[in-house]
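Below you'll find the structure, written out as C-alpha cells, and then a few comments.
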Amino acid sequence: MQDFGVLHLPHGDVETPVFMPVGTQATVKSMTPEELKDEVKSHIILSNTYHLFLRPGPELIKDAGGLHKFMNWDRNILTDSGGFQVFSLGDMRKITEEGVEFRSHIDGTKKFISPEKSMEIQNLLGSDIMMCFDECAPYPASRDYVEKSMAMTARWAARCKEYHKNTENQALFGIIQGGMYEDLREKSIQDLKALDFPGYAIGGISVGEPKEMFLKILRHTAPLMPENKPRYLMGVGTPDYLIEAAISGIDMCDCVIPTRMARNATALTHYGRLNMLNACHERDFTTLDPDCDCYTCKNYSRAYIRHLFKSKEILGARLLSIHNLRFLVRLMEDVRDAISQDLLTEFKQDFYKKYGYEEM
RNA sequence: GGAAGAAUGUCCGAGUGGCUAAAGGAGGCAGACUGUAAAUCUGUUAGCGUAUGCUUACGAUGGUUCGAAUCCAUCUUCUUCCA
C-alpha cells in the first residue's frame, strides 16, 4: 500500500501527481477562474514571467495586489522563469553569461532578463512557486553545446537562490538540464542538489525528441532526483507522457496541449483523440467521452461542438478547453487512486489499450 | 428601343493565343500541435489510373489557328447608363 503526496502551499494543499493548466498571460486561455475551480477542479496553475514582464509589467501587477488578486485566482500559481522563451523565441534573443537579451515579440524593443531580474519579477508577481532562470537547450543539440548550457544554468541557479529572499511565501525550484545526455543530466542533478532547493524540475525534454528518447531521459533522471522533495516535469504533456511521468515518480506536470488543442478543435478522450472538425461528427449527437464527468460532456453533443468550430464560434474553444483540462486533471486523480491501490502499472495498461497507445 | 460592360472550377476572383487542369481567397476534406510569438500551422481539393498518362472543363453553338479561357460570329443571361 502506497500513498500519493501532498504539496503544502500558501494557497492550499495540492495532491500529487498533479497536472497544472498553463495560464501564460495571467489567464488560462478562454477559462474563468470559476470554471478552473468548479469544472476543471484544478488547484494550481502556471503563469509566465517573460510574458507578464512585457505586458502589463510586474509593477502594475504588484500595484493590483499581486498576480492572484489581479487575475482573481485564489489558489496556487507557479510562475515559469522565462527560461522556456530562451528556447521558443529562437533567434529573437541573445544569450550571455550575464543573462538573455530578448527582442520583444510585441514591439521589437530590447528586454534583458538575468537570473536576478527573473527573481525580481517573480517576487513582484507573488507566485507560490518560482522557477530558476534557465536555458532550455533545443533538440537536437551537440553535447558540447548542452554541456556549456547546462553548466551556465547551474551558475544561474546559484544566482537565483542568492537573490531570492522571500522564501517563506515563495518556494524557488531548481531546473535540471542536460539535454539528451544521461551523464550530463547526472551532473546537472549534482550541481543543483548542492544548492538545496525545496523542489526540482526536469527541463529541456519534450522539445521535439522521439518518445523513446523522452522515456530514456525521464527514466534515467527522475529516480536520481531528491526523494523527499517535489519533482516537476516541465512541459508535459499528452496522456501517455503524464502516466509515464507518474510511474517514474514525477509529482507535477504542466502543458499547453489541452488548451491549445482545444482551440484547434482536438478533444482528448479515453478512446483517443477526436478532431471535432471531422465530417464523421456532423450528425453525432453523442457526448465527447462517455467516461468523462465534465460540464461539456454532461451538456453538449459532438454535433453541436463540431457546428461551433465550423462556425468559428468561440464557445467551441471554451467547451473543449473545459473538457481537455478536466480530462488531464481527472487523469491524474485516477493516477493517484491507482497509486494508493498500488495498481499504477495495471492502470497504464488499461489506459493504453483503451486509448490506442503502443506500449513502450 | 439604344449604348456600354460582364459571364472562369463548390463560391468569390486573377488570367487576354502555347509555360493553364487554370494565380489568390473562401468553402470542403485530412493532418500537426508537449515550461503558449499558436482561436495557429501544414497538406489536399475536376474524373479515372500506382504512374508516364488519358478524359472532361473557363455561359451555349459554330468558326479562325499547328494550338483558344484568351481572337471572330450568332445566341442566351445579367449589370450599368441613355430615351
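Reckoned from all heavy atoms, side chains included, excluding hydrogens, waters and symmetry mates. The structure displayed is predicted, hence computed values, not measured ones. Residue numbers begin at 1 in each chain, while the letters A, B, ... track the order of the sequences.
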### Centroid-centroid under 6.0 Å between A:F214 and A:Y241 rings
yes
### Task
Check every atom of B:A30, B:G35, B:A37 against the side chain of A:S88 and return the nucleotide holding the closest atom.
B:A37
### Task
May I ask you to verify if any side-chain N or O of A:Q85 is less than 4.0 angstrom from the OP1 or OP2 atom of B:U36?
yes
### Query
Quick one: A:I257 CD1 to B:U34 P, roughly how many Å, whole number?
6 Å
### Message
Please tell me whether A:Y352 and A:Y355 form a close aromatic pair, meaning their ring centres lie under 6.0 Å apart.
### Response
no
### Task
Using the P atom as the reference point in each nucleotide, state the distance between B:A14 and B:G24 in Å, no decimals.
15 Å
### Message
Under 4.0 Å, heavy atoms only, any strand: does A:S30 hit a base, just the sugar-phosphate, or nothing?
### Response
nothing
#### Entry: Minimum-distance nucleotide to A:M261 side chain [options: B:U34, B:A38, B:C33]
B:C33
#### Entry: P gap between B:U34 and B:A39, integer Å
13 Å
### Summary
Between CG of A:N275 and C1' of B:U40 the distance, given in whole Å, is 14 Å
### Query
Heavy atoms under 4.0 Å, any strand shown: does A:G204 hit a base, just sugar-phosphate, or nothing?
base
### Query
C1' atom, B:G28 versus B:G63: distance in rounded Å?
39 Å
### Task
Indicate whether OP1 or OP2 belonging to B:G27 is found under 4.0 Å from a side-chain N or O atom of A:K312.
yes
#### Entry: Assigned partner base of B:A6, Watson-Crick or wobble definition, under 3.5 Å
B:U77
### Query
With sugar-phosphate meaning primed atoms plus P, OP1 and OP2, does A:N278 contact a base, only sugar-phosphate, or nothing at under 4.0 Å between heavy atoms?
sugar-phosphate
### Query
Looking only at atom P, what distance separates B:U74 and B:G25, rounded to whole Å?
40 Å
### Message
Using a heavy-atom cut-off of 4.0 Å across all strands, would you classify A:R273 as base, sugar-phosphate, or nothing?
### Response
base
### Task
Assign the ring pair A:F197 / A:Y200 to parallel, tilted or perpendicular, where the plane angle (0 to 90°) is split at 30° and 60°.
perpendicular
### Task
Using the ring of A:Y181 (Phe, Tyr or Trp, six-membered ring only), decide whether A:K187 places NZ or CZ under 6.0 Å from its centre and within 45 degrees of its axis.
no
### Summary
A:E209 atom CD is separated from B:U34 atom P, nearest whole Å, by 11 Å
### Span that lies between the P atom of B:G2 and that of B:C19, in whole angstrom
41 Å
### Task
Give one of base, sugar-phosphate or nothing for A:A279, where a contact means two heavy atoms less than 4.0 Å apart.
sugar-phosphate
### Task
Whole angstrom is fine here: how far is it from CG in A:L89 over to P in B:A37?
6 Å
### Query
Using the benzene-type ring in the case of Trp, are the ring centres of A:H323 and A:Y295 under 6.0 Å apart?
no
### Task
Could you tell me whether A:M131 contacts a base, only the sugar-phosphate backbone, or nothing, with contacts defined as non-hydrogen atoms closer than 4.0 Å?
nothing
#### Entry: Complementary nucleotide for B:A30 - Watson-Crick or wobble, under 3.5 Å
B:U42
### Side chains of A:T79 and A:Q122, donor plus acceptor under 3.5 Å
yes
### Query
Atom CG of A:L54 and atom C1' of B:U36: how far apart are they, to the nearest Å?
14 Å
### Message
Need one value for A:L46: base, sugar-phosphate or nothing, where a base atom within 4.0 Å counts as base even if backbone is also close, heavy atoms only.
### Response
sugar-phosphate
### Query
What nucleic acid atoms does A:I205 come within less than 4.0 Å of, heavy atoms only: base, sugar-phosphate, or nothing?
nothing
### Query
Applying a 3.5 Å limit to both distances, which nucleotide forms a Watson-Crick or G-U wobble pair with B:U20?
none
### Query
Do the side-chain N and O atoms of A:H281 and A:N275 include a donor-acceptor pair separated by under 3.5 angstrom?
no
### Message
Work out how far the P atom of B:U65 is from that of B:C75, and round it to whole angstrom.
### Response
23 Å
### Residue whose nearest RNA chain B nucleotide is more 5′ - A:Q177 or A:E282
A:E282
### Task
Check whether any side-chain nitrogen or oxygen of A:R306 sits under 4.0 Å from OP1 or OP2 of B:C29, and answer yes or no.
yes
### Task
Remember a base hit wins even if backbone is also touched, and classify A:K211 as base, sugar-phosphate or nothing at under 4.0 Å, heavy atoms.
nothing
### Query
Between B:G27, B:A38, B:A30, which one does the side chain of A:R260 approach most closely?
B:A38
### Query
For atom C1', what is the distance between B:A51 and B:U42, given to the nearest Å?
25 Å
### Query
Which is true for A:C136 with a 4.0 Å heavy-atom rule: it touches a base, it touches only sugar-phosphate, or it touches nothing?
base
### Task
Just name whichever nucleotide pairs with B:G1, Watson-Crick or G-U, keeping both distances under 3.5 Å, else none.
B:C82
### Task
Would you indicate, yes or no, if B:U34 has its OP1 or OP2 atom less than 4.0 angstrom from a side-chain nitrogen or oxygen of A:S206?
no
### Query
Can you tell me if the side-chain N/O atoms of A:N264 get under 4.0 Å from OP1 or OP2 in B:G31?
no
### Message
Between B:A68 and B:G62, how far apart are the two C1' atoms, rounded to whole Å?
### Response
14 Å
### Message
From CD of A:E212 over to C1' of B:U34, roughly how many Å is that when rounded to an integer?
### Response
16 Å
### Query
Can you find a donor-acceptor N/O pair under 3.5 angstrom joining the side chain of A:N48 to the base of B:G35?
no
#### Entry: Residue closer to the 5' end of RNA chain B, A:Q25 versus A:D254 (nearest nucleotide)
A:D254
### Task
Would you indicate whether the side-chain heavy atoms of A:V86 and A:F102 approach each other to under 4.5 Å?
yes
### Message
For B:U40 and A:K29 - does any side-chain N or O of the residue sit under 4.0 Å from the phosphate oxygens OP1/OP2?
### Response
no
### Nucleotide forming a Watson-Crick or wobble pair with B:U36, both distances under 3.5 Å
none
### A:V22, nearest nucleotide to its side chain (from B:A38, B:A30, B:G35)
B:G35
### Message
With a 4.0 Å cut-off on N to O distance, would you call A:R326 and A:D293 a salt bridge?
### Response
yes
## Note on the structure
Rounded to whole Å, the NE2-C1' distance (A:H51 to B:A38) equals 11 Å
### Query
What is the distance, rounded to the nearest whole Å, between atom CE of A:M234 and atom C1' of B:U36?
13 Å
#### Entry: Minimum-distance nucleotide to A:Y241 side chain [options: B:G28, B:U34, B:U36]
B:U34
